[in-house]
Amino acid sequence: MTPETSARKPELRVLLCAPRGFCAGVVRAIDAVERALEMYGPPVYVRHEIVHNKYVVEGLKAKGAVFVEELHEIPAGTTSPVIFSAHGVARAVPEDAARRNFFAIDATCPLVTKVHREATVHHKRGREVVLIGHAGHPEVIGTMGQLPEGAVSLVETAEQARLFQPRDPGNLAFTTQTTLSIDDTAEIVAILRERFPSMVAPHKEDICYATTNRQEAVKRVAPEVDAMIVVGAPNSSNSQRLREAAEREGCRHAVLVQRASEIDWNAFGAIASLGVSAGASAPEILVEEILDAFAARYTLKVETVHTAHEDVFFPLPRQLRSDAAE
Ligand code: SF4
């Protein structure tokens, strides 16, 4: 920060959303790669970006992690660990890893694994599973891939919920992606429930605590500010939903940026207040970088808006706990 030149700079009230940034599933997944590097040495193979954040991925690459999209890209016969990302994988992936004799470590977030289990139980009970989520997202691919092809019907929008034709309307259950918009999902669920009143719901909300808390914080801050910055990657579902939540709450200028270098300063020129949040895969150091960039142009008055307290912690995957080391 550069307070010495503050006399010339316009004032900017900054409302920092709390909670923001890393969730327990992301911390666990990153720790898993770091711990595997410590225990087994490089290379450690990681299937897909361990979390959707370039800064994190580049940092792990520098330490010896090798990122691949598919298992066939990993050299045959390797004894190095192969880690599955926090988003989860289809059942076929660990099966393929076993066929290749890979030392597989699953860093799927336990809250995604919970959704996998729910889908599996519904299927075993003969229910058709409706998954509310975004096509092509790795978590959705992983959840759909828990069941045989055709067993899960994906519903992405309210419109699709209105048109959805199940095989047996009296025997349905739904699950959701963990990182959806709370409001959009509530609308889709309400439409499906109205059409299929006996549809079985999750015991506990599938949208995870971190997604919920970050959206609530953004919803509190967004109506009070002229602009909102969400730190996160374009392929991060929960980050995109935060930006949309800010816009929906009436914030005129809500943008998603990965680094300070991406900020379009012309668009921020005349603002007097700014909200700041970060997606669950964005490290706090990037929030600080963005604040420093604003501090070079404005005199900042920073306040933190707390809307929830988080103390969720997930232990490392079994193979990486200290009691599993030799
Ligand atoms: S956003 Fe939620 S589901 Fe995804 S890794 Fe974090 S805690 Fe797990």
Among all residues two or more places apart in sequence or in another chain, which pass the side-chain contact (heavy atoms from CB on, under 4.5 Å) test with D311?
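If we apply the side-chain contact (heavy atoms from CB on, under 4.5 Å) test to D311, skipping adjacent residues, the hits are H309.
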Regarding [X] and [Y], does a basic nitrogen lie under 4.0 Å from an acidic carboxylate oxygen?
{"X": "E118", "Y": "R127", "answer": "no"}
{"X": "R241", "Y": "E244", "answer": "yes"}
{"X": "E216", "Y": "R220", "answer": "no"}
{"X": "E70", "Y": "R47", "answer": "yes"}

Fellow cluster residues of [X], listed by chain then number, with links counted only when side-chain atoms sit under 4.5 Å apart:
{"X": "V312", "value": "L111, Y209, F314"}
{"X": "V89", "value": "Y45, V66, V68, L71, I74, V82, F84, V93, F102"}
{"X": "I191", "value": "none"}
{"X": "M144", "value": "V129, L131, V140, L147, V152, L154"}

Side chain to side chain donor-acceptor pair (under 3.5 Å) involving [X] - partner list, sequence neighbours excluded:
{"X": "Q240", "value": "none"}
{"X": "D31", "value": "none"}
{"X": "E73", "value": "none"}

Short side-chain to backbone donor-acceptor contact, R214 and P19, under 3.5 Å
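Such a contact is absent between R214 side chain and P19 backbone.
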Which pairs with one or both residues in residues 94-107 pass side chain to side chain donor-acceptor pair (under 3.5 Å), sequence neighbours excluded?
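Pairs touching residues 94-107 that pass the test: D96-R100, D106-T108.
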Determine which pairs satisfy side chain to side chain donor-acceptor pair (under 3.5 Å) with at least one residue from residues 191-203, sequence neighbours left out, and list them in order.
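For residues 191-203, and leaving out neighbouring residues, there are no side chain to side chain donor-acceptor pair (under 3.5 Å) pairs at all.
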Quick one: which residue pairs count as a ring pair (Phe, Tyr, Trp, His ring centres under 6.0 Å) with a foot in residues 104-143, not counting sequence neighbours?
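Applying ring pair (Phe, Tyr, Trp, His ring centres under 6.0 Å) to every pair that reaches into residues 104-143, excluding sequence neighbours, yields H52-H137, H87-H137.
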Would one find more than 12 heavy atoms of other residues, nucleotides or ligands at under 6.0 Å from atom CD of E11?
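Open: at most 12 neighbouring heavy atoms sit under 6.0 Å from CD of E11.
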If you count every heavy atom of other residues, nucleotides or ligands that lies below 6.0 Å from E303 atom CD, does the total exceed 12?
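Yes.
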F164 and F196 aromatic ring geometry - parallel, tilted or perpendicular at 30°/60° bounds
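Rings of F196 and F164: perpendicular, over 60°.
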Test of understanding: with ring-ring contact (aromatic ring centres under 6.0 Å, His included), list the residues that count as partners of F268, not counting sequence neighbours.
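With neighbours one apart ignored, the set is H253, F294.
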